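Keep in mind that what you see is a predicted model, and the values were worked out from it rather than measured.
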Amino acid sequence: MKLEKISERIFFSTIKMSLETKEETHITATGFFVSKMVSKDEFVVFLVASKELIDNSIAASLVFHEGLDNAGLDINEQEKIHIRIGENDWKDMWFYSDKTSEFVIAPVMPVVRFIEAKLDKICFFQPIDLTSISNEEQLKDISLSEDILFLAYPKEIVQEEEHMPVLGRAKLATALFKSFNNKPEFLIYPSTTTSDTSGSPVFILNEGSFMTKKGQVLGNRFLFLGILNNQDSNGLTKVTKANVLNNVVDEFIEKLIKPESI
């Protein structure tokens, strides 16, 4: 099946993770992929997840969808790729930044290349391009009544064979262009305070047309807004703004290009 619409591709920006915890239990967690150009012919891809959940895990099983071509447009709906990352490698994957205590990132292409080399399979995923992060003018143009979307794998709704996320909807409780309590966050409602949604990508998606302060605009719009961090504030849910993630990715890239001297 070839995916052409943004609304079809966005479902494959996430990945289902089964985390093995220190208490020998399993937690279903949401991870999602982002990409950023580092040069004209090179880009990097990261897996993003809740820091709290990663901190409490010692290993994990990931479920990739199988692709049919390297162009990343054709997917084999019947096949999934399961891979377990053990204790020796799981913790070393993740990059921790002082810029945030809400999420961590991991370069994911080493895992993808391992699967391609060992299993002769193509991993199908659609990373969110960090250029889709909204600028201040775009944020000011977004109405408080706009539908805010997020993708997650809630334990109450399990798709055992599909391993697909569920699309959640919420409304803004604070303006996007302002910071909540002088922190790079905004609030949404209703509350989504379950561990299953922590680390989920939050975005706005319109296909066909959308409204601005100047009126209706024909076309598509995708704006990556941030990451659910599930800290409840009087029945509302906090979202860490996407520019924090962009800064963490830049920090990783800078350290990769200019490693600290030993």
Side-chain angles (χ1 to χ4, degrees), residues 10-34 45-67 75-97 100-116 118-119 121 123-128 149-168 191-202 227-232 237-240 245:
I10 190 61
F11 275 88
F12 297 92
S13 67
T14 64
I15 187 168
K16 184 179 180 181
M17 305 189 298
S18 178
L19 306 182
E20 301 171 25
T21 72
K22 301 170 184 176
E23 295 79 20
E24 298 185 351
T25 58
H26 287 78
I27 297 174
T28 298
T30 302
F32 70 96
F33 304 102
V34 296
V45 182
F46 293 93
L47 176 62
V48 185
S50 163
K51 178 180 179 294
E52 180 182 1
L53 295 180
I54 297 302
D55 280 346
N56 195 40
S57 64
I58 58 174
S61 296
L62 310 182
V63 183
F64 285 89
H65 298 272
E66 184 177 349
I75 183 173
N76 185 347
E77 294 184 84
Q78 307 304 318
E79 296 297 328
K80 308 294 183 291
I81 302 169
H82 297 256
I83 182 170
R84 181 182 183 274
I85 302 177
E87 296 182 33
N88 292 335
D89 298 314
W90 180 244
K91 285 296 185 183
D92 291 338
M93 276 181 55
W94 298 97
F95 174 70
Y96 287 74
S97 170
T100 179
S101 61
E102 308 304 335
F103 62 85
V104 288
I105 64 174
V108 76
M109 291 312 294
V111 177
V112 172
R113 294 191 184 102
F114 174 84
I115 292 172
E116 291 176 349
K118 296 296 182 180
L119 303 180
K121 292 180 180 292
C123 293
F124 182 91
F125 56 95
Q126 299 286 297
I128 296 172
L149 308 178
F150 61 91
L151 292 164
Y153 297 87
K155 61 185 177 183
E156 298 86 357
I157 306 173
V158 179
Q159 300 190 68
E160 293 290 356
E161 295 183 2
E162 295 293 332
H163 297 287
M164 293 292 289
V166 171
L167 181 69
S191 175
T192 58
T193 53
T194 67
S195 60
D196 309 283
T197 57
S198 184
S200 297
V202 179
I227 306 162
L228 278 178
N229 64 34
N230 273 345
Q231 292 185 8
D232 181 67
T237 300
K238 293 182 181 179
V239 180
T240 301
L245 173 57

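Atoms CD and CG, on E87 and D92 in that order, are 11.5 Å from each other to the nearest 0.5 Å. The structure places CG of D89 at 9.0 Å from CZ of F114, a figure rounded to the nearest 0.5 Å. Taken to the nearest 0.5 Å, the CG atom of N229 stands 9.5 Å off from the OG1 atom of T197. Rounding to the nearest 0.5 Å places CD1 of I15 at 9.5 Å from CD1 of I81. To the nearest 0.5 Å, atoms OG1 (T240) and CD (E102) are separated by 4.5 Å. Once rounded to the nearest 0.5 Å, the distance linking OG of S101 with CD of E52 reads 10.0 Å.
Taking 4.5 Å as the limit, every side-chain heavy atom of M17 sits out of range of all side-chain heavy atoms of T28. Under the 4.5 Å side-chain criterion, counting only non-hydrogen atoms from C-beta, T30 is not in contact with F150. Y153 places none of its side-chain heavy atoms less than 4.5 Å from the side chain of V166.
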Exercise. Dump the intermediate steps for side-chain contact (heavy atoms from CB on, under 4.5 Å) on H65 and F125, then the final yes or no.
Key: CA-CA 7 Å; H65 298 272; F125 56 95; over 6 Å; no
Self-check item: side-chain contact (heavy atoms from CB on, under 4.5 Å) between M93 and I85, intermediate numbers included
Solution: CA-CA 10 Å; M93 276 181 55; I85 302 177; 3.5 Å; yes
Exercise. In sequence, state the C-alpha distance, the side-chain angles, and the governing distance for L151 and F11, and then conclude on side-chain contact (heavy atoms from CB on, under 4.5 Å).
Key: CA-CA 7 Å; L151 292 164; F11 275 88; 3.9 Å; yes
Quiz item: Is there a side chain to side chain donor-acceptor pair (under 3.5 Å) between T21 and N56 once you walk through the steps?
Solution: CA-CA 6 Å; T21 72; N56 195 40; 4.9 Å; no
Practice problem: Might you work through the side-chain contact (heavy atoms from CB on, under 4.5 Å) test for F46 and L245, ending with a clear yes or no? | Solution: CA-CA 11 Å; F46 293 93; L245 173 57; over 6 Å; no
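The main-chain N or O of Y96 is never found under 3.5 Å from a side-chain atom of K51 such that the two would form a donor-acceptor pair. K91 places a side-chain N or O within donor-acceptor distance of the main-chain N or O of S57, the cut-off being under 3.5 Å. Between the side chain of S198 and the backbone N or O of S50 there is no donor-acceptor pair closer than 3.5 Å.
Just one residue in the list F33, F64, F12 forms a ring pair (Phe, Tyr, Trp, His ring centres under 6.0 Å) with F124, and that residue is F12. Checked options V239, L228, T14, I10; the residue passing with P201 is T14 (criterion: side-chain contact (heavy atoms from CB on, under 4.5 Å)).
Under the 4.0 Å criterion applied to side-chain N and carboxylate O atoms, K121 and E66 are assigned as salt-bridge partners. Using a 4.0 Å cut-off between charged side-chain N and carboxylate O, R84 and E20 make a salt bridge.
Counting heavy-atom neighbours within 6.0 Å of Q78 CD, excluding the residue itself, gives a total of 12 or less.
Nearest heavy atom pair, residue A106 against residue W94, reads CB-CE3, 3.6 Å.
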